[in-house]
Structures are given as C-alpha cells and as structure tokens.
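A quick note: this is a predicted structure, and the numbers were derived from the prediction, not measured.
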Amino acid sequence: MAEHRVHVTIAVPTFRRPEKLQALLPLLVAQARDVDASGATRTDIVVVDNDPDGSAQAGVQEAASAAAAADPLVVIRYAHERQPGIAAARNRALDEAAGSQLLAFIDDDERPHPGWLGELVRVQNDTGAALVQGWVDPEYEVPPSSWILAGRFFVRRTWPTGTALGVSASNNVLLDVEQVRESGLRFALDLGLSGGEDTLFTSQLAARGYQLVWCAESVVTDLVPASRITRRWVLRRALSHGNSAAVVSIRLADGPGRAALARVGSVVGGAARVVGGVLRCALGVVTRSEVHQARGARAAYRGAGMIAAATGRVIQEYARPATAEGHPNAPKTAG
C-alpha cells in the first residue's frame, strides 16, 4: 500500500509585481523539495493573480516549466482571480487548495528562511491547530530615518512556539483546510480593499473554538520598499489599521445592541488614543525624544481611524483607481 502523504499547498496572492514574484518562486520550490524529502508531505504551489489583465501568467508558466524540468514532482499552478481585493484572492486560494490538507500563505514581497514551511507543518502536526502563524522580519530597501527606527513600525512581536493566539495576520500562516471548511468561514469580500479581512477571519476562527498557535521558528523576510519607509506612509497605515480594527470589532459584535456598544467603545478608545498620542508627541518635542514623537503620532492617527469606523466610514487603503483601460490598479494586495 502506498504511504499516505499530507498534501500541502503554498499560495501566493500577487498583483503586478512580476520581479518579486519571479524571485520568490524558486525559493518556494526549494521549500517544497525540502519538506517533501521526508516522505511525509506532497507540496504544490499556486499563484493567485489578482490582476484583471493576468499579467503574472507568463512568468508563472515559465517558472512552472523550469521547476518541472528540475523536479517533476514539484508543481506550480496559476489561478486568475479577476475580482479585485486580497480577500477574493485568499478565498480563491482556499478553493484551489480544496484537495489539500494544509494551506500556507506567503506574500509575493516576502522571502522564506530555510525551514519556513517545514516548521509550520511540524507545529501543526504537533498541536493539531487550525492555524499556525510564523514571524515576519523586515528588510529595508533603503536605510530608515531615525524617526522610523525609533517608532519600530515594521518590527513584529514574537512569542514562544505553541503560544495560543486570539488573532493572526495571514502573510506567514498555515491553515488546516479541513478545519477551516468545517468552520464555514471565508475572507470578507467587502474588506478586500480596506484591509482587516485576515483579522476578522482569524478572530472568528478563534471565537468558534479553533486553535491558533505561534511558531517562532518559521520566518519570512518582508522586503520593505522605499515608498513605505516614510512618515506619511506609516501614519496613513496607522489610520487605516485603527479603522480596520474598529470595523472588525463592530462586525464581531453579536446583535445590534452589542454593535452599538462596540461603536461607542471605538469612539471612546479612539478619542483616548488621539488625546494620549498628541500629548505623548508633545512630550517628545519637549524632551527631544523621537520615540515619544513617533509612537505618539502613530497612536493619534490610529485613534482617528477608530473614530472614523464608528461613524461608518471604511478607509479603502488598497483602493484601485481605474486606469486608462478601465482596469483597477494598486501597488499592493496584502491586507
């Protein structure tokens, strides 16, 4: 009898970043070979192209041919998702992985460290978790200013492996496909251009009793472009994150009464962050502390986003203005 192998799918949502995608795919092929060498898994790769023009197709087909020539067991597939937004792309990945036991997400501007996939699979096997999240380490395209460094805006927290989580990002994560299917959850399409779809999805997963855990040994590098290493971008992101966090908290509320309370809480909490952030920023100016200035400014903008959400405004951080051809365009798909 043939030995049973766990089928793993690696999904890469992408939108008009061919150079970064072409650099990533050979690294994922290497990850697939490494994890499959044990004989316990069988891994394929699917690229979900969210560009209506299908601009990634030729590059993916080229990478697939090269991978097949080197190792016919490693398969790279192309999926074209025309509906704009990262939520639609992630749902398409769920559909593409319907025959798999495990689904790993990685962004097209990230680079996996050695053992990235194997560690996610190991922790999932050890814990039986519905979701395993790994760490994201930033790498800057240009040296950040002292203000950016003082604010530690791109530095993610980490915990000991196996730590239980109540929420997760989705740019370095492994899902148990069967448990997700059992939960009945999908990524919210109406949050696909605002962000927060992963926060809502994973919060709902945890709220329904499914286990989410941390894996410190699974690491990807996030390639931060120069366009993001600015005060303007950081503060706009803080505004958007505050907005999406409050939108999610309101969405998670059970019933109109609780939703109203969540809106009040967003106003009160947002106002507290605005006032506290402004005061901390002022303290930073007086004491010449860039830490206080940077963190205070971020808190104030995050609070403003929360207040906006309470009034019903959803900030479309990834909105795609129409091009001359009438197609949407945007620099980034990740939520």
Side-chain angles (χ1 to χ4, degrees), residues 13 83-91 94 105 130-131 133 153 156-157 164-171 173 175 179-180 182-212 233-278 280 295-320 328 330 332-335:
Q83 181 169 350
I86 185 61
R90 295 203 188 282
N91 284 337
L94 287 173
F105 277 112
L131 179 151
Q133 182 185 359
F153 301 115
R156 275 81 162 188
R157 292 180 295 173
L165 306 174
V167 66
S168 169
S170 55
N171 54 337
V173 73
L175 298 174
Q179 292 191 58
V180 170
E182 179 185 76
S183 76
L185 292 172
R186 303 276 285 180
F187 291 93
L189 295 176
D190 60 329
L191 299 181
L193 297 178
S194 65
E197 82 295 330
D198 50 358
T199 301
L200 178 62
F201 177 89
T202 59
S203 296
Q204 289 176 320
L205 195 62
R208 296 185 185 188
Y210 292 92
Q211 186 181 18
L212 284 59
W233 190 90
V234 163
L235 295 178
R236 287 178 62 87
R237 170 56 66 93
L239 182 74
S240 174
H241 276 191
N243 184 259
S244 62
V247 167
V248 168
S249 71
I250 295 167
R251 185 77 63 88
L252 289 171
D254 184 16
R258 292 183 182 273
L261 287 175
R263 291 182 185 276
V264 172
S266 295
V267 171
V268 173
R273 283 171 173 79
V274 170
V275 173
V278 169
R280 185 175 184 183
R295 302 297 290 185
R298 183 188 188 188
Y301 272 78
R302 185 177 178 87
M306 293 171 65
I307 294 171
T311 65
R313 182 187 174 197
V314 177
I315 297 173
Q316 301 287 322
E317 181 179 1
Y318 305 115
R320 303 179 182 182
K332 172 74 172 174
T333 59

Salt bridge (charged side-chain N to carboxylate O under 4.0 Å, His left out) partners of Arg280, counting only residues at least two apart
none
Kindly compute the distance separating CG (Leu131) from OG1 (Thr202), expressed to the nearest 0.5 Å.
7.0 Å
Can you name the closest pair of heavy atoms from Ala271 and Ile307 and give their distance?
N-CD1, 3.7 Å
Sequence neighbours excluded - ring pair (Phe, Tyr, Trp, His ring centres under 6.0 Å) pairs with any residue from residues 190-210
Phe187-Phe201
In chain order, what residues pass the side-chain contact (heavy atoms from CB on, under 4.5 Å) check against Ala299, with sequence neighbours excluded?
none
Could you work out, with side-chain contact (heavy atoms from CB on, under 4.5 Å) as the rule, every residue matching Leu261, not counting sequence neighbours?
none
side-chain hydrogen bond (donor to acceptor under 3.5 Å, both in side chains) pairs touching residues 250-271, sequence neighbours excluded, are Asp190-Arg251
Is it true that a side-chain atom of Arg273 and a backbone atom of Gly269 form a donor plus acceptor pair closer than 3.5 Å?
yes
With Ala206, which residues qualify under side-chain contact (heavy atoms from CB on, under 4.5 Å), at least two apart?
Leu212
Output for pair (Leu165 CG, Leu205 CG), nearest 0.5 Å, gives 11.0 Å
CG-CE distance between Leu239 and Met306, expressed to the nearest 0.5 angstrom:
12.0 Å
The side chain to side chain donor-acceptor pair (under 3.5 Å) partners of Gln179 (sequence neighbours excluded) come to Asp176
Taking the side chain as every heavy atom from C-beta outward, state whether Ile86 and Pro13 have any atom pair closer than 4.5 Å.
yes
For Val267, check side-chain contact (heavy atoms from CB on, under 4.5 Å) against everything at least two apart and list the hits.
Ala310
Taking the six-membered ring of Phe105 as reference, does the cationic atom of Arg90 (NZ for Lys, CZ for Arg) lie under 6.0 Å from its centre and within 45° of its axis?
yes
By the salt bridge (Lys or Arg N to Asp or Glu O under 4.0 Å) test, which pairs, at least two apart or in different chains, include something from residues 303-316?
none
Apply the test side chain to side chain contact (heavy atoms under 4.5 Å, CB included) to residues Val247 and Ser194: give CA-CA distance (whole Å), side-chain angles for both, the deciding distance (0.1 Å), then the verdict.
CA-CA 10 Å; Val247 167; Ser194 65; over 6 Å; no
Apply salt bridge (charged side-chain N to carboxylate O under 4.0 Å, His left out) to Arg156 and list each qualifying residue two or more places apart in sequence or on a separate chain.
Asp222
Closest heavy-atom pair, Ser203 versus Leu252, reported as atoms and distance to 0.1 Å, is CB-CD1, 3.8 Å
In this structure, are over 12 heavy atoms from other groups packed under 6.0 Å from Arg186 atom CZ?
yes
Does Leu175 reach the side chain of Leu94, with side-chain heavy atoms less than 4.5 Å apart?
yes
Would you check if the side chain of Thr311 reaches a backbone N or O of Ala308 as a donor-acceptor pair within less than 3.5 Å?
yes
Taking side chain to side chain donor-acceptor pair (under 3.5 Å) as the definition, give me every residue that meets it alongside Ser240, ordered by chain and number, with sequence neighbours left out.
Glu317
Let me confirm one number: the CZ-CD1 distance from Arg237 to Ile315, rounded to the nearest 0.5 Å.
12.0 Å
Got a sec, which residues hit side chain to side chain donor-acceptor pair (under 3.5 Å) with Ser168, two or more places apart in sequence or on another chain?
Gln133
